[in-house]
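Numbering starts at 1 and runs along the sequence shown. For ligands, and for the atoms within them, numbers begin at 1 and follow the listed sequence.
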Amino acid sequence: MTTRKDVILSGIRPTGRLHFGNYFGAIQHFLRLQEQDHTCYYFIADYHALTTIKESTDYFRQTLDMLRTYIACGLDPAKSVIYRQSDLPSTAELALLLGMITNVGMLERGTTYKDAVSKLPGGTTSGAEGNPISYGLLGYPVLMSADILIVQANVVPVGDDQRQHVEITIDLAQRFNHRFGEVFTIPRSVDRGAIRLPGLDGGAKMGKSENNDLGLLDDPATVLKKLKAVPTTTDPAPLTTESNAPDDVIPQMPPSVGALYRFLSLLAPEEVYLDFVGKYRRGEKFYGTLKTTLAEHVNRFNAPIIDKFNAPGNDDAFVTEFLRENAKRVSPVALDTVESCRAAMGIGRSLHRA
Ligand code: TYM
């Protein structure tokens with residue numbers, strides 16, 4: 001729940017194009033909140049993109065395309081402060097200061113870090129190669145805390161996968177205030193209704209790096225190809241629930257079939273979703289039509305976004321200009337927080353900033 005005049009902050013990494021997980025986990029909330037009487041900060045987390053960097057990548061190009069997609073989805077730089085994380089280098093200073101009170105054990109228990117460790121050969125951080133995981137990846141939640149605390153945000157609209165990171169932020173802010181005085185607003189925990197959209201392979205989470213995503217800019221041919229490739233060979237087990245609600249029905253389905261129904265429940269009118277639940281209950285042969293029907297609804301959803309993405313005016317020059325303007329709007333807020341933090345810890349305010 002939000003009250004009037006909350007400070008909202010959220011970010012998305014410039015990992016390529018936005019997918020349905022990003023939209024339903026985050027962007028739909030950005031859109032709703034920017035229409036209310038709040039201060040909204042939405043940024044592209046380009047520093048965070050570097051936590052898994054292997055070679056130089058054109059993150060600036062990816063940032064511009066992500067921003068054009070933000071605009072195509074309906075984000076409005078006149079209503080929300082939309083900026084690039086690296087245009088606010090004071091975030092890095094705040095992350096450094098917060099790092100001084102961050103317990104390494106807590107970071108090692110972080111899900112992102114643990115996932116990365118589990119993917120190492122042998123699932124260990126030691127061994128002949130040493131630990132190839134970066135200090136930056138271990139510190140991912142500290143940098144994310146700095147993003148949130150630097151603008152004194154109290155609401156962080158994110159998908160369910162980011163819940164633990166926000167809990168770490170709350171912990172760090174409380175710890176800081178307790179030791180050094182009240183500098184930070186304590187953010188609220190992630191909403192209980194935050195979702196985690198499954199991937200097209202039935203995997204628990206849709207993600208770009210998992211290669212199981214449905215993109216907001218995918219054209220009809222790509223959508224159909226991706227949906228046709230969804231594995232639907234497992235025979236449906238009979239549903240044991242009378243309720244047709246997605247949260248009751250979908251967990252009883254084979255995971256990849258459940259993913260198709262989840263998308264249908266989000267994108268199609270209720271009667272279409274219910275019709276397909278009926279077909280499932282009756283054990284009809286319907287996977288082909290389920291996929292083509294879903295493809296139609298995905299295309300209907302994507303078409304205006306693709307149009308606006310390509311619209312004259314939504315170009316690199318426009319995006320770069322509002323990035324420049326908005327960085328000027330958020331910088332003083334950020335510097336103010338960092339200066340208070342420095343003073344509270346005792347190194348004193350910076351001598352070169354006004
Ligand atoms: P990123 O780019 O991985 O994800 C961006 C947003 O999309 C949501 N999301 C999903 N939601 C539901 N189902 C999915 N399958 C799914 N996949 C992604 C994420 O929850 C997120 O809201 N660490 C952040 C970026 C960040 C940030 C911040 C966010 C950096 N600093 C400060 C908030 C506040 C991230 O997950 O990016």
Side-chain angles (χ1 to χ4, degrees), residues 7-31 33 40-52 59 62-63 65-67 69-70 73 75 81-86 88 91-92 94-95 98 110-113 115-116 136-137 139-170 172-173 187-191 193-216 255 258-259 262-263 266 330 334:
V7 177
I8 319 284
L9 173 127
S10 196
I12 298 188
R13 288 170 301 144
T15 42
R17 295 178 160 197
L18 291 170
H19 56 65
F20 276 68
N22 300 137
Y23 188 91
F24 288 101
I27 291 179
Q28 66 165 349
H29 301 297
F30 301 0
L31 296 173
L33 292 162
C40 297
Y41 296 102
Y42 301 130
F43 67 97
I44 302 291
D46 56 347
Y47 282 151
H48 274 105
L50 302 178
T51 53
T52 50
Y59 288 112
Q62 294 185 186
T63 296
D65 286 341
M66 294 288 268
L67 287 164
T69 321
Y70 267 21
C73 289
L75 278 173
V81 185
I82 303 174
Y83 61 99
R84 179 173 64 149
Q85 186 183 30
S86 64
L88 212 58
T91 309
L94 184 58
L98 291 173
T111 44
T112 311
Y113 179 78
D115 278 358
L137 185 71
Y140 190 111
V142 185
L143 183 57
M144 185 157 156
S145 301
D147 294 324
I148 297 169
L149 300 178
I150 207 161
V151 297
Q152 307 283 4
N154 62 335
V155 176
V156 187
V158 283
D160 177 67
D161 59 305
Q162 297 299 306
R163 189 178 294 282
Q164 189 190 36
H165 290 154
V166 176
E167 289 306 316
I168 292 177
T169 307
I170 295 170
L172 286 180
R188 288 182 222 151
S189 292
V190 170
D191 215 86
I195 63 160
R196 185 180 302 228
L197 215 61
L200 287 176
D201 56 355
K205 186 187 154 195
M206 176 178 291
K208 193 84 193 1
S209 46
E210 285 81 359
N211 211 7
N212 63 5
D213 68 306
L214 199 52
L216 296 177
R262 175 66 69 191
F263 302 136
L266 289 169
V330 63

Exercise for the section: Could you tell me the separation between the OG1 atom of Thr91 and the CD1 atom of Ile150, rounded to the nearest 0.5 Å? Expected result: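 Those atoms lie 4.0 Å apart.
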Handout entry: Parallel, tilted or perpendicular: rings of Phe30 and Tyr70 (30°, 60°)
Key = perpendicular
Practice task
Taking side chain to side chain donor-acceptor pair (under 3.5 Å) as the test, write out the residues that go with Thr52, two or more places apart.
Solution key: none
Handout entry: Heavy-atom closest contact (Gly202 atom, Pro255 atom, distance)
Key =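 Smallest interatomic distance, heavy atoms only, reads O-CB, 3.4 Å.
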Practice task
With sequence neighbours excluded, tell me which residues meet side chain to side chain contact (heavy atoms under 4.5 Å, CB included) with Thr112.
Solution key: Leu137, His165
Practice task
Please list, chain by chain and in numerical order, all residues satisfying side chain to side chain contact (heavy atoms under 4.5 Å, CB included) with Arg13, sequence neighbours excluded.
Solution key: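 For Arg13 the side chain to side chain contact (heavy atoms under 4.5 Å, CB included) partners, ignoring immediate neighbours, are Thr15, Ala45, His48, Tyr140.
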Handout entry: Within the 4.0 Å heavy-atom sphere of ligand 1, strictly under, residues
Key =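 These residues qualify: Leu9, Ser10, Gly11, Ile12, Arg13, His19, Gly21, Asn22, Gly25, Ala26, Phe43, Ala45, His48, Tyr140, Met144, Asp147, Ile148, Val156, Val158, Gly159, Asp161, Gln162, Ile195, Arg196, Leu197, Lys205, Met206.
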